[in-house]
Amino acid sequence: GQHYMEAIHFKPDPDNSQVHAIVYLPAEATRDLKLSFSIKGQAETTVTIPKGKDKTTVTIPIAQPRLWSLEDPHLYEVEVTLND
């Protein structure tokens, strides 16, 4: 599509049972864009990147977060969709 994600940076916030995702576009959006996060076993989160923005931060709730450790190397499966 015309719009795509250049990078996504996830910042865990386990004390508040959430993760912050910073999504970067290569250029400013030419229209409002729908952005969806689907994390396996969690509710889907959908936001809008407003026209004229090239970056947005999304707060995604995580029910009962599992922290990665050597004893429990759990990783979350995430699917991110940009509507274009």
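Please read these numbers as outputs of a predicted model, since none were measured by experiment. Keep in mind that the numbers below use all heavy atoms, side chains included, and drop hydrogens, waters and symmetry copies. Numbers here are sequence positions counted from 1.
- Scanning for side chain to side chain donor-acceptor pair (under 3.5 Å) contacts around Q42 gives an empty result, with sequence neighbours left out.
- Sequence neighbours left out, the pairs with a member in residues 54-79 that pass ring-ring contact (aromatic ring centres under 6.0 Å, His included) are H74-Y76.
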Exercise for the section: Under the side-chain contact (heavy atoms from CB on, under 4.5 Å) rule, what do L35 and T48 come out as? Steps first, then yes or no, please. Expected result: CA-CA 6 Å; L35 179 66; T48 299; over 6 Å; no
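- A distance of 9.5 Å separates CZ in R66 from CG in L75, rounded to the nearest 0.5 Å.
- Here the closest non-hydrogen pair linking P26 and E6 is CB-OE2, 3.8 Å.
- In this structure, L82 and L25 have side chains that are in contact, with non-hydrogen atoms separated by less than 4.5 Å.
- In this structure the side chain of V58 never reaches within 4.5 angstrom of the side chain of F10, judged on heavy atoms.
- Taking all atoms of both residues into account, the shortest heavy-atom contact from P65 to S17 is CD-OG, 3.8 Å.
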Handout entry: Candidate pair T46 and K34, rule side-chain contact (heavy atoms from CB on, under 4.5 Å), full reasoning
Key = CA-CA 7 Å; T46 302; K34 178 182 163 188; 3.6 Å; yes
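- Judged by distance alone, the side chains of T57 and H20 never bring a donor and an acceptor atom under 3.5 Å apart.
- Within the 4.5 Å cutoff, the side chain of T56 has no heavy atoms near those of the Y24 side chain.
- The shortest heavy-atom contact between L67 and P14 is CD2-CB, 3.6 Å.
- Put simply, the side chain of T30 reaches to within 4.5 Å of the side chain of Q2, judged on heavy atoms.
- V80 is not listed as a side-chain neighbour of S36, based on a closest heavy-atom distance of 4.5 Å or more.
- Looking at every heavy atom in both residues, A21 comes nearest to I60 through CB-CD1, 4.1 Å.
- Between D13 and V19, every side-chain heavy-atom pair lies at or beyond the 4.5 Å cut-off.
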Exercise for the section: Verify side-chain contact (heavy atoms from CB on, under 4.5 Å) between I22 and K11, making sure each step is shown before the conclusion. Expected result: CA-CA 8 Å; I22 305 168; K11 294 173 67 174; 3.9 Å; yes
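- Shown here for T45 and P61, the closest heavy-atom pair between the two residues is OG1-CD, 3.9 Å.
- No side-chain heavy atom of K55 sits under 4.5 Å from any side-chain heavy atom of V23.
- Closest non-hydrogen pair, E44 versus S38, comes out as OE1-CB, 4.2 Å.
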Exercise for the section: Let me see the working for N83 and R31 under side-chain contact (heavy atoms from CB on, under 4.5 Å), right down to the final yes or no. Expected result: CA-CA 11 Å; N83 74 327; R31 60 183 171 85; 3.8 Å; yes
